[in-house]
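Below you'll find the structure, written out as structure tokens, and then a few comments.
Per chain, numbering begins at 1; letters A, B, ... match sequence-line order.
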There are 2 protein chains.
Amino acid sequence: MSNPNPPPLSLSILGVEPLDEFICEIADFVHYMIMTRPDFGGADAKVEVEAKVGVLRDKMSGRRLALPVLVETILVPESIDLRFESNMSKNTHKHYNELLNQLKISSSQPGHPSSPLEYAHRYLIDSFYPSDSRERIRVTKDEKTGELVECVRKIRLKDLNIFSPKRAADWRISVNLEVPVPQPSGTPTHTRRKDRISYSHEEFSIDLTQVTSTASGGGAPEVLHELELEISRPSLLLSTAMKRGDLNVPEHERSAFDELIRAFVNNARILVRNAGDGWQP
Amino acid sequence: MSNPNPPPLSLSILGVEPLDEFICEIADFVHYMIMTRPDFGGADAKVEVEAKVGVLRDKMSGRRLALPVLVETILVPESIDLRFESNMSKNTHKHYNELLNQLKISSSQPGHPSSPLEYAHRYLIDSFYPSDSRERIRVTKDEKTGELVECVRKIRLKDLNIFSPKRAADWRISVNLEVPVPQPSGTPTHTRRKDRISYSHEEFSIDLTQVTSTASGGGAPEVLHELELEISRPSLLLSTAMKRGDLNVPEHERSAFDELIRAFVNNARILVRNAGDGWQP
């Protein structure tokens, strides 16, 4: 008979957990994009790192991507002709809303293993204007007060697509640069209204948004539903990225960037795994 | 300015690390194979779970598998026409030998984070005999003493292939059944000599083997080099598999199977990542 209560196992022959290849790859990607970002807007430019929940579709057939793999994996950029559909059904949007509301309540109870979620409901109006460069200028105002929230040129740097064959949804990580610009004059090319519920948790915000777009030429407005996870403070992202792996700083500062990305990936995974079966085809 | 020393981050919005999809998938696979294994040999049959380090090759072209993914992933069984080449170059074999010898020494030093590796060098002779079933009978004897080590019919149940695009090697997990049988008489169809260094660590053994095969019809002997990781005690594998997820047993017994598989996967990953660049083309 074998010993019924063997001593606890070591994590490995080296006594440690091997590096998580998936999280390393994403941390390396985000770090590289930050360190090589174009010098637009100087210190005012904000690096935005976000994950969107959606479905990767073959551009030709429109069908969800199929690959002969059993588990979540990161795709080689530009290797497959894909589009990422972040629009979810109204039901899935409602499902996430209920899930996150529940979590907001349970996370405020004593004994919950994490800090509480905060909550804000905002109505925003985005107006888009042409600019000298490829990217348009986005002016965001609070719908109720008319107050200017921000006026930026958003430069998309790069995306990584994550295929999740076991789940109802895939996800995409994007690194963008938001450069503040002076408010433009003239008529916007189009506007959209965002009904946004923002849940914030520590260094992250989860935005559940219903977007209603109206082209200036008229036509029926288009309604989309989206879920995004963002790293809230660009300043923290930059300061931790600068110290990544720096042997001249204490260990907790050196690893802070990787810990931030780890929590970001964990949160994205939790959101994707809870997409339910209600994802639209 | 952002706070230079923010409090440590929670692991996620739920306060916990999400389940590791990769390790779960492998644990589910091994568990399923154990629970549905054919009833050959009764209580004497041993379940063998092993990981081999090797290269996945396209059967037609002979080239290493290529998929548009950036990180290690598990392939859908039978989805691609592949062969797994576990034979490594003599140099890689030597490299592993040196690496594992070093680890044996360093793991015996005080302060090492894991228990020490043990070491055994054995010379074995396998003789193969035809049987009534598809599988041949393998008789293993100690070369020096002539002592019978085992006489079994080995039934291959199923494999999972793991593609590792960032590494010099891939790996394969196999679940087999070894059924003890009476020693056959007559002449073996072929024999092989195994020069095997076995490193054992807690519940695992790592076998680094040079195999010299000789067909009974003569011809030049073939020399192969292999690296295998095995779960050492089939009895532990079975007893923990039986209690997996059982709410009537204490938590540490309920999760013991998954912890065993986690350490197994960790060890396999560490071996694969240390294959170096010397893998044969």
Options Leu14(A), Asp20(A), Leu67(A), Val265(A), ranked by heavy-atom pairs under 4.5 Å with chain B, top entry: Leu14(A)
Most contacts with chain B, counted as non-hydrogen pairs under 4.5 angstrom, among Gly15(A), Pro68(A), Ala256(A): Pro68(A)
Engaged part of Pro165(B) at the chain A interface, taking heavy atoms whose separation is under 4.5 Å: neither
Pro77(A), part contacting chain B, at a heavy-atom distance under 4.5 Å: side chain
Residue selection (most heavy-atom pairs with chain A, distance under 4.5 Å) from Leu260(B), Thr240(B), Leu103(B), Thr73(B): Thr73(B)
Over 12 foreign heavy atoms within 6.0 Å of OH, Tyr119(A): yes
Greatest number of heavy atom pairs closer than 4.5 Å to chain A - which of Leu19(B), Val16(B), Leu100(B): Leu19(B)
Side chain / backbone / both / neither for Leu75(B) at chain A, heavy atoms under 4.5 Å: both
Portion of Ile270(B) that has a non-hydrogen atom of chain A nearer than 4.5 angstrom: side chain
Any donor-acceptor N/O pair, Asn266(A) side chain to Ser12(B) backbone, under 3.5 Å: no
Side chain, backbone, both or neither of Ser115(B) within contact of chain A (heavy atoms, under 4.5 Å): both
Met35(B), CE atom: more than 12 neighbouring heavy atoms under 6.0 Å: yes
Top of Lys166(B), Glu259(B), Glu72(B) for chain A proximity - count of heavy-atom pairs under 4.5 angstrom: Lys166(B)
Heavy-atom side-chain contact between Leu70(B) and Leu160(A) under 4.5 Å: yes
Closest approach of Leu9(B) to Glu203(A) (non-hydrogen atoms, all atoms of both residues): CD2-CG, 3.6 Å
pair Glu21(A)-Arg269(B): side-chain heavy atoms closer than 4.5 Å: no
Option that, when pairs with chain A are counted at under 4.5 Å, heavy atom only, ranks first among Val71(B), Ile13(B), Val69(B): Ile13(B)
Option in Pro113(A), Ser164(A), Pro18(A), Ser106(A) with maximal non-hydrogen atom pairs under 4.5 Å from chain B: Pro18(A)
